[in-house]
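What follows is one structure encoded as structure tokens, with my remarks underneath.
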Amino acid sequence: MKSPIRISVTGATGQICYSLLFRIAAGDMLGKDQPIILQLLDIPNARPLFDGLVMEMQDCAFPLLTELITTDDPLVAFQDADIALLVGARPRGENMERKDLLEANGPIFIEQGKALNAVANKHVKVLVVGNPANTNAYITLNNAPSLNPENFSAMLRLDHNRALSQVAQKLSRPVTSIKKMVVWGNHSNTQYPDLNHAEIDNQSVRSLIADNDWIDNSFVPTVQKRGMAIIEARHGRSSAASAANAIINHMQDWIFGTRKNDWTSMGILSDGSYGIPEGVIYSFPVTCQNGSYKIVQGLNLSDYDRNKMQKSYEELIAEQNAIKHLLV
Ligand code: NAD
Ligand code: LMR
């Protein structure tokens with residue numbers, strides 16, 4: 001029997017977690033033979049919802065769920081955490097951009113960065129989901145100086161999955177046959193979904209989609225604006241089950257490795273690759289192995305690509321400047 005892994009999850013009574021927690025406890029993230037301890041954080045007002053959540057988790061009688069802790073104290077939630085999924089934050093509504101949430105959500109990630117720094121396991125893997133995810137990950141990392149910056153990531157996997165799915169539908173091919181998709185930049189509508197390197201059954205996707213008009217006027221804007229399309233379709237509520245699924249995919253690849261001859265997109269601390277200066281949480285194509293990621297190098301980029309990537313970088317710098325006063 002393996003020893004249990006401690007997974008901290010914030011925003012535990014929110015809508016993403018209502019999909020996420022049951023799947024994690026069923027073994028969808030770490031495997032059907034991996035016991036887990038869930039350490040769930042939400043605000044004090046969430047207590048009645050916590051009670052309901054706990055009853056439902058108990059009623060599932062999950063064989064892998066060794067312990068279930070609920071708390072409103074980050075120092076309890078992150079104690080000895082091996083994995084921290086930072087979901088808890090206010091979602092945007094209609095007519096808002098994700099960066100409009102910075103003032104409301106930034107302080108959450110200051111407190112949680114400090115708490116992770118104080119009590120989490122030194123090898124903890126942190127995924128920031130709460131929006132604006134890249135800049136919240138930057139805030140968290142900056143408040144956790146004793147942890148390795150490579151252990152922090154922001155979620156672009158939902159965008160990556162959206163891009164895969166659009167191409168699969170266009171070509172009427174299974175989603176699993178598509179490899180080497182990239183979504184560059186910020187989890188915002190400046191992100192750059194880039195299918196120029198993608199392959200489908202070892203053939204270049206570009207050779208099958210000669211139609212630039214579909215790429216520029218359908219594929220790219222559909223992926224960039226999918227979050228708002230869902231909010232509008234769901235009467236003001238943002239994506240939840242697909243976000244939970246992306247969290248599981250992101251963590252699985254990070255921990256167990258990406259597929260052979262493939263990569264994924266992760267928001268990580270830039271190291272200067274592809275001309276994106278160091279020090280922003282930016283989405284790059286990465287391969288993962290043995291619990292670590294590596295940025296895929298050597299992709300050919302046109303001036304058009306670089307221009308799109310630069311715009312997303314500039315937005316991240318503007319977001320960082322907007323929260324400068326919140327940082328230590
Ligand atoms: P929700 O409003 O249903 O739930 C958010 C939960 O967070 C609530 O239970 C709330 O009480 C809790 N919370 C607030 N402050 C907290 C704190 N300080 N500590 C712990 N918990 C706290 O929202 P949701 O739909 O679950 O979405 C959560 C976040 O994820 C939003 O910011 C949303 O925009 C974002 N999101 C990101 C992606 C992505 O791809 N990166 C995708 C979907 C949603
Ligand atoms: C998404 O991409 O679905 C989420 O980030 C929610 C949002 O605000 O768009």
Side-chain angles (χ1 to χ4, degrees), residues 8-21 39-50 52-53 70-78 84-116 126-137 139-140 153-163 165 183 185-191 193 222-251 265-267 281 283:
S8 306
V9 189
T10 74
T13 70
Q15 51 151 7
I16 292 177
C17 284
Y18 197 66
S19 288
L20 177 67
L21 298 173
Q39 307 188 159
L40 307 182
L41 181 72
D42 212 304
I43 54 175
N45 281 351
R47 182 42 60 189
L49 284 172
F50 252 153
L53 178 70
T70 61
T71 179
D72 58 22
D73 181 353
L75 292 172
V76 174
F78 296 137
L85 307 175
L86 307 191
V87 180
R90 199 181 129 189
R92 66 174 167 158
E94 289 176 56
N95 305 315
M96 282 176 87
E97 289 303 331
R98 297 180 185 94
K99 64 186 167 208
D100 297 335
L101 297 166
L102 266 178
E103 280 296 322
N105 289 341
I108 296 175
F109 295 88
I110 294 180
E111 186 192 21
Q112 294 184 0
K114 290 189 170 132
L116 283 162
V126 182
L127 170 60
V128 177
V129 177
N131 277 317
N134 299 51
T135 298
N136 288 337
I139 295 172
T140 312
S153 62
M155 193 164 89
L156 272 287
R157 183 55 177 263
L158 182 52
D159 313 276
H160 183 96
N161 287 349
R162 288 166 173 166
S165 178
V183 178
N186 196 6
H187 175 62
S188 75
N189 58 17
T190 67
Q191 66 180 254
T222 298
V223 177
Q224 286 173 329
K225 295 182 195 157
R226 190 66 153 193
M228 186 49 77
I230 291 169
I231 292 171
E232 285 167 3
R234 280 172 37 84
H235 304 298
R237 284 173 302 150
S238 53
S239 64
S242 56
N245 182 65
I247 293 170
I248 287 170
N249 293 160
H250 177 112
M251 294 310 299
S265 305
M266 272 170 75
I281 300 282
S283 179

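Counting starts at 1 for both ligands and their atoms, in listed order.
- Which parts of ligand 2 touch His187 is read off a 4.0 Å heavy-atom cut-off, strictly below it: atoms 1 (C), 2 (O), 4 (C), 5 (O).
- Of the candidates Leu101, Leu127, Ile43, the one placing a heavy atom closest to atom 15 (N) of ligand 1 is Ile43.
- Under a 4.0 Å criterion applied to the non-hydrogen atoms of Ile231, ligand 2 contributes the atoms 7 (C), 8 (O).
- Only the side chain of Ile108 comes within contact range of ligand 1, with a heavy atom under 4.0 Å; no backbone atom does.
- Interatomic distance, Arg98 CZ to Asn105 CG, rounded to the nearest 0.5 Å: 13.0 Å.
- Thr71 contributes atom OG1, which lies 9.5 Å from atom CG of Leu40 (distance to the nearest 0.5 angstrom).
- Under the 3.5 Å distance criterion, with hydrogens and angles disregarded, a donor-acceptor pair is assigned to the side chains of Arg47 and Thr70.
- Atom numbering of ligand 2 starts at 1 in the shown order; those under 4.0 Å from a heavy atom of Ser238 are 6 (C).
- Scanning the protein for heavy atoms near atom 8 (C) of ligand 1, the closest one is Asp42 OD2, 3.7 Å.
- Of the polar atoms of Ser239, none of the N or O atoms is found under 3.5 Å from an N or O of ligand 1, judged by distance alone.
- Among the atoms of Ala133, none of the N or O lies under 3.5 angstrom from an N or O of ligand 1.
- Minimum interatomic distance between Ile108 and Gly88 (heavy atoms only, all atoms of both residues): CG2-O, 4.0 Å.
- Under 4.0 angstrom from ligand 1, the non-hydrogen atoms of Ala89 come from both its backbone and its side chain.
- When each of Met96, Arg226, Arg237, Arg92 is paired with Ile231, the side chain to side chain contact (heavy atoms under 4.5 Å, CB included) condition holds for Arg92 and for no other.
- Heavy-atom separations between Asn131 and ligand 2 include at least one value shorter than 4.0 Å.
- With no hydrogens or angles considered, a side-chain donor-acceptor pair links Gln15 and Arg234 at under 3.5 Å.
- Ligand 1 has no nitrogen or oxygen under 3.5 angstrom from a nitrogen or oxygen of Glu111.
- When hydrogens are left out, the protein atom nearest atom 28 (C) of ligand 1 is Val87 O, 3.2 Å; that is the closest non-hydrogen contact.
- Of all atoms in ligand 1, listed by their number and element, those nearer than 4.0 Å to a heavy atom of Thr13 are 9 (O).
- Nearest non-hydrogen protein atom to atom 3 (O) of ligand 1 is Gln15 N, 2.8 Å.
- Between Gly88 and ligand 1, no pair of N/O atoms sits closer than 3.5 Å.
- Note that NE2 of His187 and CE of Met155 are 6.5 Å apart. Values are rounded to the nearest 0.5 Å.
- The protein non-hydrogen atom at the shortest distance from atom 33 (C) of ligand 1 is Asn131 ND2, 3.7 Å.
- The shortest N or O to N or O distance between Arg98 and ligand 2 is below 3.5 Å.
- Between the OG1 atom of Thr10 and the CD1 atom of Ile43 there is a distance of 11.5 Å, given to the nearest 0.5 Å.
- Distances from atom 7 (O) of ligand 1 to the heavy atoms of Gly11, Ala244, Ser188 put Gly11 nearest.
- Looking at ligand 1, you won't find any N or O of Asn105 less than 3.5 Å from one of its N or O atoms.
- For atom 37 (C) of ligand 1, the closest non-hydrogen atom of the protein is Val129 O, 2.9 Å.
- The closest approach between a heavy atom of Asp159 and any atom of ligand 2 is not below 4.0 Å.
- Proximity of a side-chain donor or acceptor of Asp159 to a complementary backbone N or O of Val183 within less than 3.5 Å is not detected.
- Under a 3.5 Å cut-off, the side chain of Asn186 and the backbone N or O of Ser188 do not form any donor-acceptor pair.
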(request) Would you sort out whether Val223 and Gln191 count as a side-chain contact (heavy atoms from CB on, under 4.5 Å), showing the intermediate values? (result) CA-CA 9 Å; Val223 177; Gln191 66 180 254; 3.5 Å; yes
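- Distances from ligand 1 to the non-hydrogen atoms of Gly130 include at least one value under 4.0 Å.
- Here atom 23 (O) of ligand 1 lies nearest to Pro91 when heavy atoms of Pro132, Ala243, Pro91, Gly14 are compared.
- Of the N or O atoms in Arg90, one or more lie within a sub-3.5 Å distance of an N or O in ligand 1.
- Atom 7 (C) of ligand 2 has Arg92 NE, 3.3 Å as its closest protein atom, hydrogens excluded (heavy atom only).
- Heavy-atom minimum distance, Glu97 versus Asn189: OE1-ND2, 3.3 Å.
- With hydrogens left out, the protein atom closest to atom 44 (C) of ligand 1 is Ile16 CD1, 3.4 Å, a heavy atom.
- Of all atoms in ligand 2, numbered sequentially from 1 with element shown, those under 4.0 Å from a heavy atom of Gly227 are 1 (C), 2 (O), 3 (O), 9 (O).
- Residue Arg162 has at least one heavy-atom neighbour below 4.0 Å for each of these atoms of ligand 2: 1 (C), 2 (O), 3 (O).
- Only side-chain heavy atoms of His187 come within less than 4.0 Å of ligand 1; its backbone N, CA, C and O stay farther off.
- When heavy-atom distances to ligand 1 are checked against a 4.0 Å cut-off, Gln112 comes that close only through its side chain, counted from C-beta outward.
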